[in-house]
Amino acid sequence: MKNPYIPYRVNIIDAWYEAPGERCIKTFKVTFADEKVWDAWSHKPGNCAMVGIPGVGESMFCISSSPTEKGYLRFSIMKAGKNTSALHELEAGDSFFIRGPLGNSFPLDEWKGKNIVTIGGGIGQAPLRPVIQWVRDNRADYGELELIYGARTSEDHCFKAEFEEIGKSGDCECHLSIDVEEEKWPHFVGFVPSLLMEVAPKPENTIAVTCGPPVMINFVLKNLEELGFTPDQVYTTLENRMKCGIGKCGRCNVGHLYVCKDGPVFSYAQLKEIPEAFA
Amino acid sequence: MAVKKLSKEKLGEALGELSKFRLIAPAKSDDVVVFKQIGDAGEAFLGYGNSTVPPKKFAFPQTETLFRFVVGNPELNEKNVEEEGTTVIFGLRPCDARAMAIVDKLFSWDFEDPYYLKRRELTTLVGMACVEPPSVNCFCASVGGNPFGTEGLDMLLTDMGDYYLVQELTDKGKKLAETLSAQLEDAAADDEKKAEQMALDAKGKIRRSIDTAGIPEKLPDLWENELWKKVSAACLGCGICTYLCPTCHCFDIQDEVEEMGEGRRCRMWDSCMFGEYTVHASGHNPRPTRKERTRNRINHKYSYYPEHFEVIACVGCGRCINLCPVNIDILDILDQVVDAS
Ligand SMILES: Cc1cc2nc3c(=O)[nH]c(=O)nc-3n(C[C@H](O)[C@H](O)[C@H](O)COP(=O)(O)OP(=O)(O)OC[C@H]3O[C@@H](n4cnc5c(N)ncnc54)[C@H](O)[C@@H]3O)c2cc1C
Ligand code: SF4
Ligand code: SF4
Ligand code: FES
């Protein structure tokens with residue numbers, strides 16, 4: 001059995017900034033240094049990995065590419081502390097280390113035949129990206145796809161080029177927002193929960209998936225209920241401080257569940273049963 | 001499995017025989033009793049109550065290297081636990097052995113923890129029955145244990161006066177008895193009966209108890225109860241109750257860079273009673289005060305663990321009561337849980 005504490009080396013084949021500033025976001029496209037790792041590797045949308053540099057540390061990130069994108073993995077990382085700052089120093093040609101795939105995934109098989117609406121905020125779009133990509137790559141299996149996404153300013157939008165491309169493809173509708181007015185911004189101005197009410201997706205045969213900062217998620221969940229979504233139609237991811245990523249170090253529990261192992265994906269129905277989930 | 005006896009005169013000889021393995025036994029260090037590797041049989045101190053630091057540290061060390069690396073060119077070297085060798089822990093209390101059996105469940109759950117499990121495989125546990133409860137705050141019988149309990153043990157010794165009754169409990173215990181064949185004799189016909197009576201007497205001497213029936217089921221409903229504020233009011237957040245608890249297993253992982261860019265990734269004991277334990281990178285803390293942390297500690301032991309593994313993660317050793325600097329008492333907390341509505 002493989003030692004789950006020993007990471008795999010990955011080589012960066014491409015890296016670019018999604019968003020500028022103090023809490024900038026950088027996307028890394030990587031391949032495993034050891035080709036053999038691919039043979040044993042399989043992940044699903046929602047799965048995460050512990051990412052780090054020996055000597056600096058490790059932290060948890062979702063794998064922001066879908067398994068339908070072959071031959072590489074993507075991570076989109078916001079600069080938030082020591083480890084992420086060190087990762088941001090790296091460029092194409094450098095390497096870092098990952099342990100994974102970790103955690104559970106979005107139940108995309110169960111969602112076959114349903115419409116899907118994703119509601120993201122800021123870096124919270126990262127876990128939603130593989131869901132969107134998966135649905136687009138398995139288009140016949142799903143109903144309508146609708147994207148709702150907001151960030152503080154137009155510069156803070158992750159995956160901008162992709163949204164443009166998706167919008168033009170006619171695959172789905174993209175609804176974008178920024179928090180405060182900017183010149184020449186053609187889309188919604190205001191917070192994501194308000195944009196959600198403006199778009200007002202219909203709950204019939206629809207799954208809503210939301211990721212973003214905790215305050216946003218809280219309001220989005222309330223608004224989805226108001227729109228008639230039942231808790232079992234709504235999914236989100238939770239974040240917690242992590243160390244082992246495999247349910248041993250005891251750090252990331254919400255109630256009796258471990259976010260690293262039983263999550264990060266939870267249905268709202270599940271979360272309603274856990275008192276600590278939105279602390 | 002067979003029952004033998006070891007005369008006290010031959011104890012030193014037996015320990016000498018066992019010291020061809022890595023032999024861990026209770027020993028005096030200044031004024032406290034600790035489990036440590038002994039070279040000389042005379043160092044063993046078996047007339048002890050219970051050790052301050054539980055022997056869990058030999059399966060789950062306070063700090064251990066997971067792998068070594070070179071920064072920048074991270075050739076990762078996995079640590080080989082096998083080099084630590086075959087280990088015999090001699091003379092531990094049944095509650096501490098049972099605690100290991102409880103923690104085994106976590107470390108073999110879903111992802112197997114290779115370091116812990118390898119060490120457990122290499123270790124034989126030789127228990128010493130509690131003829132007298134080691135402390136006034138022992139309550140093992142309330143949480144599924146027993147002063148003569150055998151769970152987790154490979155061999156159990158009972159002090160019968162001039163000799164120890166030696167019960168082989170597992171294949172590992174049997175093997176150990178073979179190693180000691182020159183020191184062990186056949187037990188007398190009525191020895192086992194005598195020991196059974198001693199076990200009953202020992203149970204009767206335990207002074208503290210709690211009726212745990214219903215506590216795991218009840219805890220979720222008490223989430224918002226004011227009792228958590230009350231029972232945590234005096235807490236200093238020092239973490240002793242968890243650090244020295246034989247069933248606590250939480251750890252941190254840190255990278256240490258040594259000389260010439262070489263280093264090691266290690267894990268070390270951590271405690272959910274520490275404020276920083278759950279702080280997010282954003283600064284948000286889902287368990288901001290001692291109230292939430294105490295609630296988590298009790299829920300983890302008495303609700304979440306039973307939910308996953310059908311066993312309470314507390315063996316009633318009383319350490320958290322004896323060693324808390326402000327006398328916070330888990331039985332008092334549990335009493336309040338029982339009374340709360
Ligand atoms: C399931 C999940 C998915 C995520 N996905 C993404 C994603 O796709 N993109 C993204 O940008 N972010 C994501 N995050 C958030 C990301 O993990 C954190 O923002 C990141 O750990 C913080 O950056 P850092 O490691 O540089 O922080 P650092 O502060 O450098 O932390 C490094 C390590 O030290 C620990 N640490 C931090 N502060 C302290 C302290 N005071 N004392 C002791 N130890 C400390 C941290 O827990 C971490 O393990 C995700 C988080 C989770 C749980
Ligand atoms: S030992 Fe006592 S004071 Fe220290 S953290 Fe535990 S309950 Fe609080
Ligand atoms: S919670 Fe207290 S009594 Fe129970 S096993 Fe831990 S230290 Fe011993
Ligand atoms: S990160 Fe260790 S238990 Fe979840």
Side-chain angles (χ1 to χ4, degrees), chain A residues 1-9 23 33 50 52-60 78-84 86 94-97 99 102 213-215 238-262 273-279, chain B residues 66-79 106-107 109-116 220 223-224 242 248-257 261-265 267 270-272 276-282 284-288 292 295-296 299-300 303-308:
Chain A
M1 213 214 71
K2 183 182 173 330
N3 181 335
Y5 296 98
I6 304 289
Y8 301 115
R9 184 187 198 123
R23 290 165 72 77
M50 288 299 272
I53 304 168
V56 182
E58 267 189 331
S59 26
M60 189 68 116
M78 182 191 270
K79 193 167 169 177
K82 186 171 143 224
N83 186 38
T84 48
D94 293 334
S95 18
F96 57 81
F97 285 76
R99 292 194 282 134
L102 301 173
V215 252
L238 286 187
E239 241 188 60
N240 245 347
R241 176 87 169 268
M242 290 186 187
K243 285 293 178 177
C244 70
I246 54 174
K248 308 275 182 246
C249 76
R251 188 169 311 263
C252 71
N253 70 307
V254 281
H256 70 278
L257 298 172
Y258 290 99
V259 176
C260 67
K261 194 173 81 66
D262 306 308
E273 303 292 315
I274 314 171
E276 226 178 356
F278 295 110
Chain B
L66 298 174
F67 57 81
R68 296 192 57 82
F69 55 76
V70 178
V71 184
N73 179 23
E75 279 312 313
L76 303 163
N77 284 320
E78 192 174 340
K79 161 138 196 229
L106 177 107
F107 281 117
W109 188 36
D110 279 4
F111 291 85
E112 294 187 348
D113 189 292
Y115 306 95
Y116 177 92
W223 194 257
E224 300 292 351
T242 42
C248 276
H249 57 264
C250 290
F251 58 84
D252 191 5
I253 297 180
Q254 293 286 345
D255 286 1
E256 278 183 14
V257 179
E262 280 194 35
R264 57 175 193 151
R265 178 161 293 170
R267 67 169 165 200
D270 202 351
S271 166
C272 64
E276 285 188 345
Y277 184 71
T278 49
V279 183
H280 291 189
S282 64
H284 171 71
N285 192 347
R287 289 185 211 127
E292 291 85 16
R295 178 172 67 192
N296 179 67
N299 270 279
H300 188 202
S303 166
Y304 310 151
Y305 219 86
E307 167 116 18
H308 290 297

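Keep in mind it's a predicted model, so treat the numbers as computed, not measured. Here is how names work: the chains are called A, B, and so on, in the same order as the sequence lines, proteins then strands, and each is numbered from 1.
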Exercise. Can you say whether the rings of B/H300 and B/H249 are parallel (under 30°), tilted (30 to 60°) or perpendicular (over 60°)?
Worked result: perpendicular

Proximal component of [X], with respect to chain B [non-hydrogen, under 4.5 Å]:
| X | answer |
| --- | --- |
| A/P7 | both |
| A/C244 | both |
| A/K82 | neither |
| A/N253 | both |
| A/F96 | neither |

Exercise. For A/E239, which residues count as a side chain to side chain contact (heavy atoms under 4.5 Å, CB included) partner, sequence neighbours excluded?
Worked result: none

Seminar exercise, completed: Quick note, salt bridge (Lys or Arg N to Asp or Glu O under 4.0 Å) partners involving residues 244-253 of chain A, not counting sequence neighbours, are A/R251-B/D252, A/R251-B/D270

Report which part of [X] has an atom under 4.5 Å of a heavy atom belonging to chain A: side chain, backbone, both, or neither.
| X | value |
| --- | --- |
| B/Y115 | side chain |
| B/E78 | both |
| B/H308 | side chain |
| B/Q254 | side chain |
| B/R295 | neither |

Within the distance-only criterion (no hydrogens, no angle test), does the side chain of [X] pair as donor or acceptor with the backbone N or O of [Y] below 3.5 angstrom?
| X | Y | result |
| --- | --- | --- |
| B/R287 | B/E292 | no |
| B/R267 | A/K243 | no |
| B/R68 | B/E262 | no |
| A/D262 | A/Y258 | yes |

For this session: Give a yes-or-no answer on whether the side chains of A/N240 and B/H280 include a donor-acceptor pair shorter than 3.5 Å.
Result: yes

Exercise. In terms of heavy-atom pairs under 4.5 Å with chain A, which of B/Y305, B/F251, B/F67 leads?
Worked result: B/F251

